[in-house]
Amino acid sequence: MPSITRRRALHGAAALLTGFAGCAGESSSSSSHPPEATGNVAFDPESYSLRNPRLEPVVWTGERPTPVEDEERERARPWGHHLFVADADDADAVSIGDVDGAAGAREFLDATDYDAATVYVERVAIRQCFTQELCHVRWSETEIDTSYARYYRDADVACETETRDVLVTLIRIPGAFDPSDVNSYGSSRGSGTCERRNERLRRRTNATEGSGESR
Amino acid sequence: MTRLTRRNALAALGTLGALAGCSAANPLSSGSDATELDGATLRAAVDDSPPSVPRRLPVDIGDDHLAATERRARSLLDSVPAPLGPDEVPNGAIRERLNHAHEGAAERLSRAAEAATPFERLSAFADARADARFAAAAWRAVDEGLDREALEDETATVREDREALRSRRRYVGADPVDATLVHAAIERRLDRAGADVEVDEPSRHRAGNPLGVGETAEDVERARVAVDDAAHLYDRLTASLDQPEALRTRLVDARETLVEAFESARADVESVDPDRPWAVEGEGGADRDTPVADALRELYWPIDPQSGPDRTADGTVARSLLTVHRMFVDLRAFEDLRGRVVEGEEFALDSADDVVAMRAAAVEAVRVADEAPRVPALTRATLADLTARLARADAELADADERARATSIRHEASAYLVVAARARAVPPASERVAAALRS
């Protein structure tokens, strides 16, 4: 059970996002189960990642969130979990912390054609010795779900098993839509390659469509 | 065919309470969930030396072969600095995997040194080599840039050697029971060195990741040792025969006879409810969450015609004969235990003494079965599995808390019931299989 302090911190983080992305507060936070509705899907969409070994805000809107003092709490849920960038005004409102690759992230946002695409920004805590690769994103008017393949980083990357980094992924969803009704967020990751994860989804989608046709 | 899932089975088992008319004794409603057993009594119960039946194979495994496989394991192990530190492998997660595999291989090597029989040593060396090869290859990938492609030639050679053994192997032997055991061990190794021995696309790691190289090398090593051990067992078997007798027809015929007999015996199993064949009518502790309910379900599972494809029909003749043997054991064990429940035995778990009694019955059943069995090799092969199970349950009890909750001991109590029932059923099942093979 989170302590009152942590609840407040969470509420603050969620509130930050609410104004921007229209999230429904704390209940909109990540679920480990992907939503059932498939809607649209994009395999291997364009994306850009920022990794920060420091427990500081990486991407946010409005005022820079204040880091919580207790390190463990920060690890558990720092600074908002996801946000949408649906037009140039949204993009202008996004701040990016002083991390490696920040300029590239800004460029990614600015180079997006918001008449044809929406950027979804997702943040996770990831073990320091691992990285992840985005395999696909599924979305509908109310749900969004991402899928990642998790990998060990190279042997010469110095890292500790118990330490986590903050990893923020900017995903260019190939579709312009109003994200304000999105209220279900899912994300999954596993040790298979993206090729396998994508193939599995294709098979499942085909099977569902196939059974629909036969009825 | 409808596959009966474990979940379904558990759900169906839940209805036993109603069927058995024992809802008043339902431990969930009677509050016995909270029953505590005396930990000291439990720990003392496993303080004796439990019976141990080592794994043996009725073929003479050569000292030279054992020495060679041990040398290979040690040389792989010695090629890796241990323990690896951050200077050698900066990535802590990769380093941890390598060190863990190295420790595992070293532990298996010490276990091999203590093994009671050459056959157990052979298996321990095989496991040690797999772990050691993983560590060695992953380390070479880090240190020297070894890649998966470098393993292709070795993989091809293993596959060729496996095919060569497959094509020259005949079901020869002297005594058909002993031959079945040896051929089953060969079949198991040939299957293990199966289709997965390929340097294909890495499934879990990025190309070039040392762990991917290590895992591929581990697969190749497992296949290598499996083929080599299988060839050795086969060669020792044939060398021991004055006049190698072709037994395949005999084995196939015996399997057919036994499968028919088994199916007929299984058809005779009376059930209170065809949808819940393990259900018990009458008084007794066969409701949900009791050791005996767990034991009945476990014993019924392998013989349930609903529980999967026919495991006796595959191409590996000797292994499938052992499967039929095992099914006879389970059928008899199930009927025996269920019969006792029907007769009113409760197998209650109210005090530590109840567990002590269940264990004593299991130990005694193993001892009796191990005493001058008429079909020693086959009987003892199964008893070896049962004593391993007994040892695992004992290890859990040895750690029992001062006041151990009955629910936390249920699994071990159930294991003792299963071991006792199976041990009693092994000798007659062995005799039946031997009779079919020798007729």
Side-chain angles (χ1 to χ4, degrees), chain A residues 33 43-44 47-49 51-55 71 75 100 124-136 146-167 169 187-204 207 211, chain B residues 3 79-104 133-151 195-196 198-219:
Chain A
H33 302 287
F43 293 102
D44 306 311
S47 66
Y48 189 90
S49 293
R51 184 169 190 132
N52 192 6
R54 298 183 305 274
L55 293 164
E71 200 174 83
R75 280 164 203 250
D100 282 352
V124 295
I126 188 165
R127 285 184 188 277
Q128 214 178 41
C129 296
F130 291 89
T131 188
Q132 61 185 22
E133 181 182 323
L134 178 65
C135 304
H136 61 252
T146 52
S147 168
Y148 296 89
R150 195 190 72 151
Y151 293 104
Y152 282 85
R153 297 170 85 184
D154 289 344
D156 57 4
V157 173
C159 58
E160 294 303 323
T161 51
E162 297 308 317
T163 310
R164 286 169 195 269
D165 290 348
V166 175
L167 187 65
T169 309
S187 186
S188 57
R189 51 196 43 75
S191 56
T193 57
C194 270
E195 199 181 7
R196 287 192 184 198
R197 291 177 80 79
N198 288 347
E199 185 52 40
R200 212 157 51 219
L201 176 61
R202 283 195 184 96
R203 265 207 312 274
R204 223 163 50 215
S211 67
Chain B
R3 192 179 167 85
S79 72
V80 187
L84 291 161
D87 288 343
E88 286 101 3
V89 186
N91 185 313
I94 293 179
R95 188 171 68 240
E96 196 173 81
R97 286 277 309 272
L98 264 63
N99 282 333
H100 188 254
H102 193 280
E103 284 162 22
R133 181 71 189 272
F134 168 80
W139 168 241
R140 275 189 63 196
V142 172
D143 195 39
E144 303 167 20
L146 177 77
D147 59 18
R148 297 155 57 89
E149 287 67 36
L151 299 165
D196 55 341
E198 276 180 35
V199 181
D200 55 1
E201 279 300 299
S203 58
R204 304 200 300 144
H205 303 289
R206 281 180 163 153
N209 187 296
L211 296 178
V213 179
E215 285 171 9
T216 302
E218 177 183 340
D219 286 346

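None of these values were measured; they are calculated from a predicted model. Order of the sequence lines fixes the chain letters, A, B, ..., with proteins taken first and strands second; residue numbering starts at 1 for each chain. Just so it is clear, the values below take in all heavy atoms, side chains as well, and ignore hydrogens, waters and symmetry mates.
The contact between I94(B) and chain A is made by backbone and side chain atoms together, counting heavy-atom distances below 4.5 Å. Only the side chain of E133(A) has a heavy atom closer than 4.5 Å to any heavy atom of chain B. At a 4.5 Å heavy-atom cutoff, the contact between P210(B) and chain A is made by side-chain atoms alone. Contact annotation for V89(B): both backbone and side-chain heavy atoms come within less than 4.5 Å of a heavy atom of chain A.
Shown here is R150(A), whose CZ atom has no more than 12 heavy atoms of other residues, nucleotides or ligands within 6.0 Å.
Note: R95(B) CZ to C159(A) SG = 7.5 Å, rounded to the nearest 0.5 Å. Note: E162(A) CD to E96(B) CD = 7.0 Å, rounded to the nearest 0.5 Å.
When all heavy atoms of G92(B) and C129(A) are compared, the pair lying nearest together is N-SG, 3.6 Å. V142(B) and A155(A) make their closest contact through CG2-CB, 4.0 Å (heavy atoms, listed as atom of the first residue, atom of the second, distance).
A distance-only check finds no donor-acceptor pair linking the side chain of N91(B) to the backbone of Y152(A) [under 3.5 Å].
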